[in-house]
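To start, the structure under review is shown below, and the notes come after it.
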Amino acid sequence: MSSAAEQEAVQETGETEERAKRESAPMAVPGRPAAVWPGAPMPLGARFRVGPDGVAGTNFALWAGGAEAVELCLFDEEGSERRLPLTELTHEVWHGFVPGVRPGQRYGYRVHGRWDPWTGARWNAAKLLLDPYARAVDGSFTLPAEVYGHVRDWPHQQVADTVRDERDSAPYVPKGVVVHDDDDWAQDRRPKTSWADSVIYELHVRGFTKLHPGIPEELRGTYAGLAHPAAVDHLRRLGVTAVELLPVHQFAHEDHLLRRGLHNYWGYNSIGYFAPHADYSASGTTGQQVGEFKRMVRALHDAGIEVILDVVYNHTAEASELGPMLSLRGIDNRGYYRLQADARRYADYTGCGNTLHVVQPHVLRLITDSLRYWVTEMGVDGFRFDLAAALARSMHDVDMLSPFLAVIAQDPVLRRVKLIAEPWDVGNGGYQVGAFPPLWTEWNDRYRNAVRDFWRGALPDVRDLGYRLTGSSDLYAWGGRRPYASVNFVTAHDGFTLRDLVSYEQKHNEANGENNRDGTSDNRAWNCGAEGESDDPAVNALRRRQLRNLLTTLLLSTGVPMLVAGDEMGRTQGGNNNAYCQDNEVGWLDWSLLDRPEWRALTELTSRILTLRHTHPVLRRRAFFSGRAHAADGLRDLAWFTRQGAEMTEADWYAPAAMVGLYLSGRDIPGRDARGEPVTDDSFLAILHADHRPSGFRLPGPPWAQSYELVLDTSREDQAEAPGSVHPGGTVLTVPPRSVLLLRVRE
């Protein structure tokens with residue numbers, strides 16, 4: 001036999017032996033013996049891989065700091081359970097490699113330890129626990145009494161949380177699923193849209209797609225539905241650059257909703273920070289949801305649209321000490337949650353019963369591992385952090401040098417993605433608008449309040465309105481921050497829709513089952529003369545005009561505009577300003593609105609203004625206005641005018657006004673383009689008029705302009721074509737009541 005032939009024979013024999021070894025490896029399934037090899041403490045979670053001697057299996061690793069023992073529980077398709085002790089302990093991580101366990105395997109943990117709620121110890125091995133690092137979750141949380149660590153129906157409720165419940169919860173809780181990480185993102189092209197060029201569109205995966213007639217019925221309400229060309233085309237035609245998805249981490253429904261026959265629709269009740277919410281999957285829930293989510297991200301990227309996730313790391317679905325035992329509470333209650341001096345009780349800075357203890361290294365690691373996973377393995381482009389002030393608390397107070405913010409600032413992956421803070425929580429000192437450090441942008445509720453007040457006639461002084469329209473330099477012009485630190489919004493998922501903002505003054509949340517007590521009463525809304533839907537043509541025409549005013553103001557303001565899905569087509573929730581539990585036509589987007597000319601015209605106006613914004617860099621500045629002259633003719637980059645055509649005085653600046661004129665100079669835009677050339681643009685004059693009567697406005701003459709061309713007039717129902725009329729400088733222009741005029745300077 002030749003040398004080459006000998007080598008080939010040896011190789012073939014070796015491969016045969018390796019294959020036989022793998023095939024003969026014990027399978028970790030019920031009814032058959034299973035080995036647990038030592039495995040590795042890193043990475044955390046369940047990772048399918050090739051182990052020692054080329055044997056395929058899954059490495060399991062769980063941080064459980066104070067636990068006395070940990071059992072890995074494997075489940076077959078019939079729900080039969082096999083328990084495997086994890087005996088290896090390295091730096092508080094329990095771990096083991098189980099040969100033969102492959103993707104699709106369902107699993108959970110039972111963690112043993114002391115039951116002493118008075119000191120915060122709440123271990124209960126009768127409860128099956130979800131792996132915090134599970135990549136997929138199969139099943140739903142229904143919250144019967146068996147899933148509570150304590151005896152929920154104990155006759156003395158004041159101490160019920162201290163009595164351990166010994167019933168097995170495994171039949172009633174979802175299981176983690178082993179997932180194969182096999183996707184290659186090499187061909188994916190992230191849009192990498194700059195902050196200054198961004199337009200955010202907040203949407204709900206299920207609600208946006210559930211009623212879309214162009215999406216196949218079997219895909220509606222799912223990640224695949226959002227990836228469908230019919231959904232993507234609407235986003236592309238509209239002109240948004242990013243979708244901000246309401247929570248897609250695996251979440252659970254609260255008991256008080258389930259008892260009323262409702263569900264948590266919005267999803268701000270996370271329990272699995274690595275798992276895409278299984279109910280939004282059209283392809284399956286034993287790992288298929290992961291691939292479906294990735295395909296959705298790729299489809300949006302191919303359309304030039306970024307994906308931002310609304311994430312809830314401030315609390316979990318386990319709620320207060322009276323809540324269920326689903327995961328972290330049973331793994332190490334004291335290690336994961338902030339407790340009060342009375343360790344039975346939780347420190348609650350979220351209003352949801354508990355607060356994650358982000359100062360703890362392993363909690364911080366859980367959050368940052370999750371964030372990096374969604375960026376590197378799921379392809380997302382950024383995050384909006386719910387109640388971000390709770391994450392920035394050190395021991396008690398909000399601290400902008402907190403471990404969480406420090407870790408994010410230096411992380412080579414996370415510091416490069418979009419980071420948006422909801423800059424408040426419900427604790428003392430929790431309101432932190434304008435305080436987050438560079439790299440962060442913030443939801444600017446002061447913008448929302450000022451714009452709502454102006455258009456409803458509760459006029460803020462010009463100074464406050466002026467700051468909001470031009471990037472809120474009073475809040476963000478420090479530490480190198482830029483105008484795009486302000487995410488400008490008039491509406492968000494939480495509150496009235498834009499149409500309801502001009503149709504209702506009072507909330508109408510009766511369908512939520514809380515006697516209309518839930519939801520804010522501070523809506524800063526005006527119903528245009530009638531509460532709710534109206535048959536009066538004059539009322540409806542005024543409401544549509546107000547919608548045009550609000551949308552135009554938002555999209556022309558300096559900063560990053562955020563639209564809410566459906567606001568561009570007149571979506572209504574019937575006056576419900578807290579539709580968090582309305583997984584029905586109240587919460588879903590009604591696409592039939594586009595069949596009506598008046599709402600189709602509103603969508604077309606939105607798209608037209610966004611095209612104008614994308615075309616003109618003066619409308620998406622990368623630096624704050626200075627208000628100073630940059631040329632010999634004395635022309636400043638920003639100027640404010642009264643209706644008499646005179647520049648505002650100091651007294652005007654501090655007084656309320658129903659009409660303001662805002663001049664934006666395109667000659668003095670800071671910075672240079674990608675080729676190093678100066679950035680120049682047209683100049684514009686925007687006139688905002690909130691009064692119910694028409695009024696004259698004298699157009700500023702030279703050096704500001706020789707003449708002006710009318711580009712937008714929100715008093716017009718049909719904006720398909722630009723008005724196009726030309727007016728010389730110095731002319732008194734009649735401004736229609738309650739309208740925005742945008743005029744381009746003609747040189």
Side-chain angles (χ1 to χ4, degrees), residues 43-44 190 192-198 200 242 244 249 270 273-274 306-315 336 338 349-350 355-425 427 429-444 471-473 475-487 559-560 622-624:
L44 293 171
R190 294 178 184 263
K192 296 183 180 179
T193 307
S194 68
W195 263 125
D197 297 332
S198 295
I200 296 173
E244 182 176 302
H249 288 167
S270 299
Y273 290 132
F274 290 78
E306 294 184 307
V307 178
I308 299 171
L309 302 188
D310 196 336
V311 290
V312 189
Y313 295 113
N314 54 76
H315 75 280
Y336 276 109
R338 289 179 180 267
Y349 297 112
T350 67
T355 307
L356 278 180
H357 201 353
V358 181
V359 175
Q360 296 280 14
H362 48 273
V363 180
L364 188 57
R365 177 182 175 186
L366 170 68
I367 295 172
T368 53
D369 283 353
S370 168
L371 292 169
R372 281 190 293 268
Y373 170 74
W374 286 95
V375 174
T376 60
E377 298 192 41
M378 302 296 272
V380 307
D381 305 285
F383 306 93
R384 178 265 186 187
F385 292 82
D386 180 68
L387 299 183
L391 298 173
R393 290 183 181 271
S394 290
M395 295 312 295
H396 300 289
D397 296 335
V398 177
D399 178 6
M400 292 305 159
L401 298 176
S402 66
F404 172 75
L405 294 178
V407 167
I408 295 292
Q410 60 78 42
D411 189 283
V413 172
L414 302 179
R415 71 188 315 273
R416 294 202 302 265
V417 302
K418 287 182 165 64
L419 303 171
I420 306 171
E422 183 182 35
W424 50 77
D425 63 20
Y431 186 77
Q432 294 289 324
V433 172
F436 274 72
L439 293 183
W440 288 80
T441 65
E442 301 176 16
W443 272 24
N444 187 352
S472 294
S473 60
L475 299 175
Y476 302 113
W478 64 273
R481 303 187 82 184
R482 299 297 183 93
Y484 44 77
S486 175
V487 174
V560 180
R622 287 165 163 76
F624 289 107

Nearest-0.5 Å distance that lies between atom CZ in Phe404 and atom OG in Ser394: 12.5 Å

Examine distances only and state if a side-chain atom of Gln360 and a backbone atom of His357 form a donor-acceptor pair shorter than 3.5 Å. no

Heavy-atom closest pair (Leu439 atom, Ala409 atom, distance to 0.1 Å) is CD1-CA, 4.0 Å

Smallest heavy-atom separation, Tyr476 atom then Gly434 atom, equals CE2-CA, 3.7 Å

Evaluate Arg481 against Glu442 for side chain to side chain contact (heavy atoms under 4.5 Å, CB included), listing each step before the verdict. CA-CA 11 Å; Arg481 303 187 82 184; Glu442 301 176 16; 3.0 Å; yes

To the nearest 0.5 angstrom, please state how far the CD atom of Glu306 sits from the NZ atom of Lys192. 10.0 Å

Distance (rounded to the nearest 0.5 Å) between Leu414 CG and Thr376 OG1: 9.0 Å

Not counting sequence neighbours, which residues clear ring-ring contact (aromatic ring centres under 6.0 Å, His included) with Tyr373? List them please. Phe274

If you round to the nearest 0.5 Å, how far is CG of Asp386 from CG of Leu309? 13.0 Å

Is the closest side-chain heavy-atom distance between Leu364 and Val359 below 4.5 Å? no

Would you say the side chain of Asn444 lies within less than 4.5 Å of the side chain of Val487, judging by non-hydrogen atoms? no

Determine whether the aromatic ring centres of residues Tyr349 and His315 are separated by less than 6.0 angstrom. no

Looking at Gly471, is its backbone amide N or carbonyl O close enough to the side chain of Arg482 to form a donor-acceptor pair, meaning the two atoms are under 3.5 Å apart? no

Answer yes or no: is there a donor N or O on one side and an acceptor on the other, between the side chain of Thr441 and the main chain of Leu419, under 3.5 Å? yes

Is any side-chain heavy atom of Glu244 closer than 4.5 Å to a side-chain heavy atom of Ile420? yes

Any side-chain heavy atom of Tyr431 within less than 4.5 Å of one from Asp425? no

Side chains of Val417 and Arg372 in contact at under 4.5 Å (non-hydrogen atoms): no

Rounded at 0.5 Å granularity, tell me how far CG in Leu387 sits from CZ in Arg393. 10.5 Å

Side chains of Ile200 and Val560: does their closest heavy-atom pair fall under 4.5 Å? yes

With a 4.5 Å cut-off on side-chain heavy atoms, are Val433 and Leu475 touching? yes

Got a sec, which residues hit side-chain hydrogen bond (donor to acceptor under 3.5 Å, both in side chains) with Glu422, two or more places apart in sequence or on another chain? Arg384, Trp424

Least distance between heavy atoms, Arg415 atom then Ile408 atom: CB-O, 3.7 Å

Rounded at 0.5 Å granularity, tell me how far CG in Asp310 sits from OG in Ser270. 9.0 Å

Without hydrogens or angle criteria, can the side chains of Arg622 and Ser194 be said to hold a donor-acceptor pair below 3.5 Å? yes

Smallest separation among heavy atoms of Tyr313 and Leu391, with atom names: O-CD2, 3.4 Å

Would you please test Thr350 and Asn314 for side chain to side chain donor-acceptor pair (under 3.5 Å) and show each step? CA-CA 7 Å; Thr350 67; Asn314 54 76; 4.5 Å; no

Closest heavy-atom pair, Leu401 versus Asp399, reported as atoms and distance to 0.1 Å, is N-OD1, 2.8 Å

Check this for me: does any side-chain nitrogen of one of Lys418 and Asp381 sit under 4.0 Å from a carboxylate oxygen of the other? no

Taking the ring of Phe385 and the ring of Trp440, is the distance between their centroids below 6.0 Å? yes

For Tyr273 and His249, take the angle between the two ring planes, folded into 0 to 90°, and tell me which bin it lands in: parallel under 30, tilted 30 to 60, perpendicular over 60. perpendicular

Minimum heavy-atom separation for Phe436 to Trp478, with atom names? O-CZ2, 3.3 Å

